[in-house]
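Before any comments, here is the structure.
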Amino acid sequence: MPTEDGGKYRAILLFGPPGAGKGTQGAMLGAVPGFHHVSSGDIFRNLDKQSELGQLFLSYSTRGELVPDDVTIRICTENLAARTVVGLYRPARDLLVLDGLPRTVNQASVLSGSIDVLGVVRLVADDRSAMTARLKHRALQEKRPDDADEKVIQNRLDVYERETAPVLGHYPPETVHAVSAMGSPASVLRGVLEAVVPILDGHFENAAGA
C-alpha cells in the first residue's frame with residue numbers, strides 16, 4: 001500500500017480499549033484541516049451485511065472477537081487506496097489518524113512496510129466497569145448489537161488486553177503519548193491535541209520541504 005511516489009503513508013494511531021472513545025476523538029480530529037480519520041470499525045460496519053465479507057465480519061463481531069489479520073489489512077488498505085483515488089485523502093498533505101488499526105502485533109509488523117507511525121495516542125481507561133457502561137450506552141445510542149451483550153463486552157475487553165495491548169510494545173516508548181480517557185470528550189481532546197499538533201506541524205514542514 002505505498003503512496004503514489006512510492007513512500008509510506010504518515011500516521012498517528014489512536015489506541016485504547018473498547019469504550020475509551022477512539023471513534024469520538026478520531027472524528028473530532030478528522031474535522032481539523034490536515035488530519036484524515038480512518039476507523040477500521042466504521043469500515044467493517046459499512047460493509048454490505050449480505051456480502052461474504054460482511055457475513056465474515058458479523059461472525060466475529062457478534063462474539064466480540066477480532067477479524068483475522070489478513071482480512072482486516074486487505075479491507076482497510078483497499079478502503080484507504082479508494083479514498084486517495086477520489087481525493088478524500090491526500091497523503092502528501094494529510095496526516096492519517098488510524099483508529100482501530102493495527103489491532104495485533106502481526107498487523108503492526110505487516111503495516112510497518114507501508115505506514116510510518118509518527119506517534120501513538122494511548123487513551124488510558126483503566127476502569128473496566130466504566131468502559132462496560134460506556135459500551136452499553138453506545139449500543140443503545142448507535143444501535144450496535146455487538147456492544148449490548150454483557151458477555152460479548154467482557155470478551156472484547158479480554159481480547160484487547162490479550163491481543164491488542166501488546167501492540168504498544170511495537171513502537172518506541174518516546175512516540176507513545178498517554179492521555180486520560182475518563183474526562184469529557186472536550187477535555188480528552190485537549191490532551192490529544194497537545195500530543196498530536198507538534199506531530200502535524202512536523203508533517204507540514206516535511207511536506208513543504210519535499
Side-chain angles (χ1 to χ4, degrees), residues 1 8-31 35-49 51-86 88-89 91 94-123 125 131 134-135 138-139 142 144-147 152-153 155-157 159-168 170-171 181 192 196:
M1 190 182 64
K8 293 184 179 182
Y9 293 106
R10 295 180 177 89
I12 290 171
L13 305 184
L14 284 179
F15 206 84
K22 298 185 295 298
T24 298
Q25 295 302 315
M28 289 191 290
L29 278 182
F35 291 110
H36 184 78
H37 175 227
V38 175
S39 165
S40 63
D42 287 346
I43 291 172
F44 282 128
R45 281 186 289 273
N46 287 329
L47 290 172
D48 179 357
K49 299 303 185 291
S51 69
E52 180 182 353
L53 287 176
Q55 288 293 314
L56 181 62
F57 164 67
L58 286 175
S59 71
Y60 286 92
S61 67
T62 53
R63 298 194 302 268
E65 299 176 1
L66 297 181
V67 178
D69 289 348
D70 59 336
V71 177
T72 295
I73 290 175
R74 176 162 63 91
I75 292 175
C76 291
T77 54
E78 287 179 358
N79 181 276
L80 188 55
R83 291 170 186 245
T84 64
V85 170
V86 299
L88 291 176
Y89 166 53
D94 299 333
L95 188 61
L96 274 178
V97 178
L98 290 180
D99 157 16
L101 188 75
R103 290 192 176 186
T104 68
V105 173
N106 179 59
Q107 287 180 16
S109 179
V110 172
L111 290 172
S112 65
S114 55
I115 294 179
D116 185 9
V117 176
L118 304 182
V120 180
V121 175
R122 179 190 170 219
L123 296 176
M131 293 303 97
R134 280 190 182 184
L135 288 170
R138 186 174 74 182
E142 301 181 16
R144 295 190 189 183
D146 53 316
D147 285 341
V152 173
I153 289 174
N155 188 46
R156 289 186 64 196
L157 292 170
V159 168
Y160 170 82
E161 292 295 337
R162 183 173 66 250
E163 300 186 37
T164 304
V167 173
L168 283 172
H170 184 81
Y171 302 104
V192 171
V196 303

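For the single chain, residues carry numbers from 1 onward in sequence order.
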Aromatic rings Y89 and Y9: how do their planes relate, parallel, tilted or perpendicular, breaks at 30° and 60°?
tilted

With no hydrogens and no angle check, is any side-chain donor or acceptor of [X] less than 3.5 Å from a backbone partner on [Y]?
{"X": "K8", "Y": "S112", "result": "yes"}
{"X": "K22", "Y": "G100", "result": "no"}
{"X": "Q107", "Y": "R103", "result": "yes"}

Could you tell me whether the side chain of [Y] reaches within less than 4.5 Å of the side chain of [X], counting heavy atoms only?
{"X": "T84", "Y": "P91", "answer": "yes"}
{"X": "V192", "Y": "L123", "answer": "yes"}
{"X": "R156", "Y": "L135", "answer": "yes"}

Can R162 be said to sit on top of Y160's aromatic six-ring, NZ or CZ under 6.0 Å from centre and within 45° of the ring axis?
no

Calculate, to the nearest 0.5 Å, the distance between atoms [atom1] and [atom2] belonging to [X] and [Y] respectively.
{"X": "D42", "Y": "D99", "atom1": "CG", "atom2": "CG", "value": "7.0 Å"}
{"X": "L96", "Y": "R10", "atom1": "CG", "atom2": "CZ", "value": "11.0 Å"}
{"X": "L29", "Y": "L95", "atom1": "CG", "atom2": "CG", "value": "9.5 Å"}
{"X": "T164", "Y": "F15", "atom1": "OG1", "atom2": "CZ", "value": "6.0 Å"}
{"X": "H170", "Y": "N106", "atom1": "NE2", "atom2": "CG", "value": "10.0 Å"}
{"X": "I115", "Y": "L13", "atom1": "CD1", "atom2": "CG", "value": "8.0 Å"}

Kindly write out the residues that satisfy side chain to side chain contact (heavy atoms under 4.5 Å, CB included) with V71, not counting sequence neighbours, or none if the list is empty.
L53, L56, V67, P68, I75

By ring-ring contact (aromatic ring centres under 6.0 Å, His included), which residues pair with H37, not counting sequence neighbours?
none

Would you sort out whether L101 and L111 count as a side chain to side chain contact (heavy atoms under 4.5 Å, CB included), showing the intermediate values?
CA-CA 9 Å; L101 188 75; L111 290 172; 3.7 Å; yes

Give the C-alpha distance, both sets of side-chain angles, the deciding distance and a yes or no for side chain to side chain contact (heavy atoms under 4.5 Å, CB included) between L157 and E161.
CA-CA 6 Å; L157 292 170; E161 292 295 337; 5.9 Å; no

For R74, which residues count as a salt bridge (Lys or Arg N to Asp or Glu O under 4.0 Å) partner, sequence neighbours excluded?
none

What pair of heavy atoms forms the shortest contact from L58 to K49, and how long is it?
CD1-CD, 3.8 Å

Minimum heavy-atom distance between V167 and P102, given as atom pair plus value
CG1-CG, 4.0 Å

